[in-house]
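Below, each value reflects all heavy atoms present in this structure, side chains not excepted, and no hydrogens, waters or symmetry copies.
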Amino acid sequence: MSSFSFKSLSWRKSKSSKSDSAHSFSSEEQRFRTENMGTLRVPETVPSPAEDCDRLKKAFDGWGTDEKALIRILGQRNAAQRKAIRETYLELYNESLIDRIHAELSGDFRKAAILWAYDPAERDARLANEALRSYKKGVRELQVLVEIACATSPHHLMAVRQAYCSLFDCSLEEDIFSTIPMPLRKLLVGVVSSFRHDKVVVDSIVADSEADLLHEAIKAKQLNRSGVIWILSTRNFFQLRATFASYKQKYGNSIDQDIVKCGTGDLESLFKMAILCIDTPEKHFAKVINKAIVGLGTDEDSLTRAIVSRAEIDTMKIREAYSNMFKGQLDDDVIGDTSGDYKDMLMILLGANV
C-alpha cells in the first residue's frame with residue numbers, strides 16, 4: 001500500500017497495512033461513533049459498495065475527473081461504508097482507491113479526500129507519523145498526538161497504535177521516544193500508551209485528592225512529575241472531568257488557567273491542550289479551526305484534520321462551541337476562507353448540500 005506524506009505530497013511504498021482487516025469496531029466504539037453529535041449525513045438508502053465503486057470508477061475514467069461525484073459519494077458514507085468501498089474497489093478493479101484518488105486529484109482537496117477515505121485508525125496513525133517525521137516539532141505539529149490520545153475513545157487509540165505498528169514496523173511510543181526530547185517526550189509517551197477504562201465510573205474522594213496533587217505540582221511548577229502524568233494517562237475521562245471540576249471548586253481557577261503560572265512553553269501548552277481535549281474536546285477543535293482560518297493565510301492542514309477527524313463524532317458541538325467562543329458561525333468562516341472542491345469536501349462533512 002502506498003504511504004501518503006501529508007506535507008510533501010510524496011508517496012513511498014510501505015509494508016502492506018493490516019489496519020483495514022484488523023480494525024473491526026468494538027461495541028463501545030460503535031456507540032462512541034453513532035451516539036454522537038457529528039455532522040456527517042448518510043442517506044437513508046445507501047447504494048451497495050459495488051454500485052458506489054462503479055460510480056467512482058466512472059468519475060475517474062470520464063473526460064476529466066468528476067470531483068462532485070466523488071465528494072457526494074465518499075462525503076456521505078460512514079467509516080464502515082468507506083471501508084467496504086475501499087475493499088470492493090480493490091477487488092473489482094485491482095487498484096487501490098487511495099492511489100487512484102491521489103492520481104486524479106491535487107492540492108488541499110486531494111489531502112482532504114485521502115484522509116477521509118482512509119480507515120480512521122490508519123488515518124490517525126499516518127498523521128501521527130507525519131508529525132514525528134516533521135523537521136519542526138512544536139505545539140502545532142505535536143497537537144495531533146494529544147488529540148489522538150485525549151480526544152478519542154480508548155478503543156480508537158488502541159487501533160491507532162496497532163495500525164502504526166503495521167504501517168511503520170515500529171510502535172508509536174518508540175517513535176515518540178526516539179524523536180521527541182524531554183520533557184515533552186514524557187508527557188506524550190504517557191498519554192499515547194494509556195488504555196483507559198471507558199465506563200462512567202467516578203470516585204469523588206479520588207477526584208478531590210488528585211485535584212490537590214495537581215495543585216501542588218502546578219504550585220511547584222513541576223508539571224512533569226510522574227504522578228501528574230500518571231493521572232492524566234490512566235484515569236478515565238469521566239474521573240478526570242470530576243477531578244478538574246473539584247480543582248476549580250477548591251482553588252477558584254480552572255486547572256488550565258493555573259497552568260499558565262508554570263510558564264508559556266511547549267510543555268505547558270501541551271498540558272493545557274491535553275486537559276482541554278479530555279474535558280471539552282469541542283472547545284479544543286473550535287480553537288484549532290479558528291486559528292487555522294483567522295489572520296493572514298489559512299492553515300489548511302489543521303483545518304482539514306479538525307473537520308475530517310471529527311465529522312463522525314462531535315462537529316455539531318464544535319459548531320456550537322465555535323459560535324460561543326468566537327461570536328461567529330463556523331460554516332460561514334470555513335466558506336469564506338476556502339474555495340472550490342476543497343471547500344465542498346469540507347462543507348459536505350459539515351452536513352451541507354453540495
*Would you name the heavy atoms of V260 and K272 that are closest together and state the gap between them?*
CG2-NZ, 3.7 Å
*Could you tell me whether a side-chain N or O of E320 sits under 3.5 Å from a main-chain N or O of K317, the two making a donor and an acceptor?*
no
*asked:* Quick one, R235 and S194 - any side-chain contact, counting heavy atoms below 4.5 Å?
replied: no
*Minimum side-chain heavy-atom gap Q329-S323 below 4.5 Å*: yes
*Student check: side-chain heavy atoms of R41 and N353 closer than 4.5 Å*: yes
*Check whether NZ of the Lys or CZ of the Arg R161 lies under 6.0 Å from the centre of the six-membered ring of Y164 and within 45 degrees of that ring's axis.*
no
*Can you say whether the rings of Y247 and H215 are parallel (under 30°), tilted (30 to 60°) or perpendicular (over 60°)?*
tilted
_Measuring only between side-chain heavy atoms, which start at C-beta, is L145 closer than 4.5 Å to L172?_
yes
*R126 side chain near F168 side chain, heavy-atom distance below 4.5 Å*: yes
_For K248, is the NZ atom crowded, meaning more than 12 foreign heavy atoms sit under 6.0 Å from it?_
no
_According to a hydrophobic-cluster definition based on side-chain heavy atoms being under 4.5 Å apart (Ile, Leu, Val, Met, Phe, Trp, Tyr only), do V160 and W116 belong together?_
yes
*Test side chain to side chain contact (heavy atoms under 4.5 Å, CB included) on V201 and Q239 and set out the steps.*
CA-CA 7 Å; V201 178; Q239 181 68 48; 5.7 Å; no
*Is it possible for you to say whether Y251 and L214 belong to one hydrophobic cluster, with membership spreading through side-chain heavy-atom contacts below 4.5 Å?*
yes
_Would you say CG of D332 has more than 12 non-hydrogen atoms from neighbouring residues, nucleotides or ligands within 6.0 angstrom?_
yes
*Is the backbone N or O of V206 less than 3.5 Å from a side-chain atom of S209, with the two atoms forming a donor-acceptor pair by type?*
yes
*Any donor-acceptor pair under 3.5 Å linking the side chain of E312 with the backbone of A79?*
yes
*So, the side chain of E216 versus the backbone of L213: is there a donor-acceptor pair under 3.5 Å, distance only?*
no
*Verify, without hydrogens or angle tests, whether K250 (side chain) and D208 (backbone) share a donor-acceptor contact under 3.5 angstrom.*
yes
*Is the shortest heavy-atom distance from the side chain of K57 to the side chain of E95 under 4.5 Å?*
yes
